[in-house]
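A short worksheet on the structure shown next.
Protein chains get the first letters and strands the later ones, always in sequence-line order, with residue 1 at the start of each. Note that this is a predicted model, so its numbers are computed, not measured.
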There are 2 protein chains.
Amino acid sequence: MAERAAKSPTIYDVARAAGVASSTVSRAFARPGRVNAETAEHIRKVAAELGYRANPLARALPTGRTSMISLVIADVTNPFYNEIVRGAQAAALEAGYTTLLTDAQESGAREREALERALTMVDGIVLATSRMSDSAIRMIAKQRPVVVMNRAVTDVPSVVTDNPRGVRRAVEHLGELGHDRITYLAGPEASWADGTRWRALREATHELELHAHRLGPYEPTVAGGAAAAADLMRHPTSAVLAYNDLMAIGLIRALTAAGVRVPDDVSVVGFDNIFAAELVTPALTTVAAPLHAMGQAAVRNLLALTRGARPTTQAPVVLPSQLVVRGSTGHRRRNRTSPASGTTKVSGPALMAATSTVAGSR
Amino acid sequence: MAERAAKSPTIYDVARAAGVASSTVSRAFARPGRVNAETAEHIRKVAAELGYRANPLARALPTGRTSMISLVIADVTNPFYNEIVRGAQAAALEAGYTTLLTDAQESGAREREALERALTMVDGIVLATSRMSDSAIRMIAKQRPVVVMNRAVTDVPSVVTDNPRGVRRAVEHLGELGHDRITYLAGPEASWADGTRWRALREATHELELHAHRLGPYEPTVAGGAAAAADLMRHPTSAVLAYNDLMAIGLIRALTAAGVRVPDDVSVVGFDNIFAAELVTPALTTVAAPLHAMGQAAVRNLLALTRGARPTTQAPVVLPSQLVVRGSTGHRRRNRTSPASGTTKVSGPALMAATSTVAGSR
DNA sequence: GGGTCGGTGGCAAGCGGTTGCCAATTGTTG
DNA sequence: CAACAATTGGCAACCGCTTGCCACCGACCC
């Protein structure tokens with residue numbers, strides 16, 4: 001059983017080896033101009049020889065700054081977060097910060113608990129689609145800088161996508177295809193994005209003289225979408241806007257299994273443009289969020305806060321969303337979601353002409 | 001600009017308020033029996049009133065134990081890791097540990113660098129599909145307990161899936177469908193799993209008197225699989241075993257686009273059973289790894305190590321893998337991957353009879 | 001009644017850095 | 001050449017918590 005290598009060298013070891021005081025070593029690293037250039041150079045050389053590496057914990061104690069931030073997401077297994085996480089990590093890394101990823105497992109309680117543990121260890125927190133209440137979030141924000149994503153909380157800076165614009169584009173797209181009635185499949189009630197999207201849908205359909213209808217709420221998962229299919233059969237429609245891609249995918253599968261064809265019988269639009277959206281058949285038309293950019297923006301804003309910047313503005317940072325047209329939307333043919341009987345087909349290629357405005361990454 | 005709440009109370013505050021020494025407060029929390037039950041109770045009450053919460057960093061300094069572990073994965077955007085991360089987090093949480101998730105972005109260099117930063121902060125490290133060299137890993141293992149996943153490194157405990165068994169099952173499955181020649185699409189050369197799978201394929205095909213062929217390496221991504229399609233057209237085959245699901249999916253898409261039908265013209269089997277595997281069309285037949293269990297097992301072993309357990313055994317912990325039969329494999333009909341010309345179809349349902357031994361979660 | 005001993009609580013020395021303050025050295029300036 | 005400012009390095013006091021060691025105390029024993 002090989003014992004762990006002897007404890008790593010400290011500033012004291014370096015100080016002794018370099019013939020200076022420990023404080024000088026400390027400053028040589030932390031306070032650039034504070035020490036003579038030559039001395040600093042010498043110290044750095046000795047430190048390198050000894051393999052000295054500053055202990056971030058020890059540094060954190062007196063300064064109170066840990067150079068760690070916490071990223072809390074609702075569900076690690078949801079592919080929606082993958083790109084967000086990467087964006088956030090990239091921004092954190094470039095600023096010399098380490099990220100603590102926390103999975104709330106879709107539970108506000110677990111989220112609070114995890115946060116409780118992390119709170120004292122981090123310089124700031126990014127809450128991606130938090131399931132906690134506004135007041136709970138504000139409570140946390142009193143103790144550490146916080147930035148929320150996909151949500152607006154009074155007095156807490158946030159980063160969101162332009163949902164209204166995205167919904168508007170989706171509605172226009174469906175309108176152009178001849179659909180005059182759009183059914184919204186609602187997601188979690190605790191979700192801020194859900195409310196925003198439904199509201200935007202109502203406004204957009206109203207302006208364009210179309211009709212909006214709402215079903216739900218459902219779980220924001222493939223299973224939830226499948227569950228919605230049954231309800232949808234009872235409320236015939238020709239176009240559906242789902243709360244997110246996972247639901248849209250589940251819906252399409254259930255519909256297909258029931259003999260309803262997509263997009264021939266019903267058009268489906270999702271939200272988020274997750275990785276799988278372009279892989280399913282038919283490929284999913286969806287409102288894409290700039291996931292990577294959001295993660296990055298959230299962390300950058302957070303770090304600005306930790307440096308003492310005043311909470312940006314009261315208005316959230318809004319990132320543009322984009323409609324990605326793929327195969328799940330097509331011309332309106334019938335007004336029902338019941339099994340097909342006719343066989344005249346609109347040519348596939350024509351339907352997919354406008355395919356992929358944005359290519360899936362990877 | 002609301003100033004952050006006053007610094008949180010320390011053991012000294014609690015000690016004063018409770019009329020005892022700080023050391024007693026410390027022990028009341030950390031060393032159960034060491035202090036009188038009543039005193040402890042009193043201290044705990046006072047602490048609760050003050051809202052005292054131990055500072056993990058301050059605790060880490062004298063003890064050298066941070067209660068944090070690092071989980072390093074090759075690519076956060078790869079859905080393969082989602083369940084692993086969750087399993088790992090669950091195991092860590094139940095033991096009171098916090099997880100530091102690090103994305104190596106498929107680069108051994110970035111991996112080392114990130115590790116460098118985290119090394120001093122964590123009690124142990126789990127390397128999920130590391131891209132570093134064996135010696136680099138052993139170097140790290142000298143400084144902190146390490147457990148590797150999906151890989152075997154001499155002297156470093158590891159957790160892997162039963163690749164040979166999985167491959168064997170896939171080969172048997174394909175054999176039963178009449179395929180006598182299986183083409184392997186290789187993944188990253190730095191991947192241990194890749195070598196293991198190819199070797200297992202050769203052995204299995206040999207025993208069953210089939211032929212194995214190898215193409216690649218390719219990127220372990222959808223794009224990589226698509227790239228393989230072109231090569232595959234030049235090396236006709238009726239059955240393909242891909243390094244992972246992402247590649248399998250990319251391959252199927254490219255093949256389909258080129259007019260080659262799956263599974264009619266060629267059967268495709270993937271590895272990992274990622275989330276999207278059951279969503280694509282045709283649904284992917286794949287060798288499923290117990291992702292969640294692996295993450296969990298890795299962390300549990302790691303924690304055992306930090307508690308001083310001697311490196312389990314030299315042999316890796318092997319978790320069972322399972323073949324999930326879906327729609328991408330079918331009876332052999334032709335021996336070429338060139339565009340179809342015949343139209344006789346094996347009935348779809350028959351082909352999919354054995355569908356989903358394991359249901360995808362969610 | 002004195003000696004032992006287990007149970008408790010306190011003292012104080014770290015853990016590895018940071019940093020305010022002071023002193024020594026060197027360079028400027030009138 | 002004295003007075004003074006700027007530069008640079010060292011001293012030592014923390015940051016919040018852990019823990020070895022000691023002191024004290026009442027109980028128990030002989």
Next item on the list: Using a strict cut-off of less than 4.0 Å between a Lys/Arg side-chain nitrogen and an Asp/Glu carboxylate oxygen, indicate whether A:Glu113 and A:Arg110 qualify as a salt bridge.
Entry: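 No, A:Glu113 and A:Arg110 are not salt-bridged.
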
Notebook entry, point to check: When you check the gap from the basic side-chain N to the acidic O, do B:Arg300 and B:Glu94 get nearer than 4.0 Å?
Noted result: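 The answer is yes: the pair qualifies as a salt bridge.
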
Looking at the side chain of [X], which of [options] is the nearest nucleotide?
{"X": "B:Ala58", "options": "C:dG17, C:dG9, D:dG16", "result": "D:dG16"}
{"X": "B:Pro62", "options": "C:dT18, C:dC15, C:dG16", "result": "C:dC15"}
{"X": "A:Ser26", "options": "C:dG17, D:dG9, D:dC17", "result": "C:dG17"}

Grab the [atom1]-[atom2] distance between [X] and [N] for me, whole Å please.
{"X": "B:Glu38", "N": "C:dG7", "atom1": "CD", "atom2": "P", "result": "16 Å"}
{"X": "A:Leu50", "N": "C:dG16", "atom1": "CG", "atom2": "C1'", "result": "15 Å"}
{"X": "A:Arg16", "N": "D:dG9", "atom1": "CZ", "atom2": "P", "result": "19 Å"}
{"X": "A:Asn36", "N": "C:dA24", "atom1": "CG", "atom2": "C1'", "result": "15 Å"}
{"X": "A:Ile11", "N": "D:dG10", "atom1": "CD1", "atom2": "C1'", "result": "13 Å"}
{"X": "A:Arg31", "N": "D:dT7", "atom1": "CZ", "atom2": "P", "result": "16 Å"}
{"X": "B:Glu41", "N": "C:dT8", "atom1": "CD", "atom2": "P", "result": "15 Å"}
{"X": "A:Arg59", "N": "C:dT19", "atom1": "CZ", "atom2": "P", "result": "9 Å"}

Next item on the list: Tell me which of B:Val25 and A:Thr63 sits closer to the 5' end of DNA chain D, going by the nucleotide each one is nearest to.
Entry: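 Closer to the 5' end of DNA chain D: A:Thr63.
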
Flag, side chain of [X] to backbone of [Y], donor-acceptor distance under 3.5 Å:
{"X": "B:Glu111", "Y": "B:Arg131", "value": "yes"}
{"X": "B:Asp103", "Y": "B:Val76", "value": "yes"}
{"X": "B:Arg144", "Y": "B:Leu119", "value": "yes"}

May I ask you to evaluate whether [X] reaches the phosphate of [N], defined as a side-chain N or O under 4.0 Å from OP1 or OP2?
{"X": "B:Tyr12", "N": "D:dC14", "value": "no"}
{"X": "B:Thr39", "N": "C:dG9", "value": "yes"}
{"X": "B:Asn55", "N": "D:dC17", "value": "no"}

Can a donor-acceptor pair under 3.5 Å be found between the side-chain atoms of [X] and the base atoms of [N]?
{"X": "B:Arg34", "N": "C:dG7", "answer": "no"}
{"X": "A:Ser23", "N": "D:dC11", "answer": "yes"}
{"X": "A:Arg53", "N": "C:dG16", "answer": "no"}
{"X": "B:Arg27", "N": "D:dG20", "answer": "yes"}

Check every strand shown and say whether [X] touches a base, only sugar-phosphate, or nothing at a heavy-atom separation below 4.0 Å.
{"X": "A:Val20", "value": "sugar-phosphate"}
{"X": "B:Phe29", "value": "nothing"}
{"X": "A:Arg65", "value": "nothing"}
{"X": "B:Ala54", "value": "sugar-phosphate"}

Notebook entry, point to check: Among side-chain atoms of B:Asn55 and A:Thr120, is any donor-acceptor pair under 3.5 angstrom?
Noted result: no

Notebook entry, point to check: Of B:Leu61 and B:Ala21, whose closest DNA chain C nucleotide lies nearer the 5' terminus?
Noted result: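 Between the two, 5'-proximity favours B:Ala21.
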
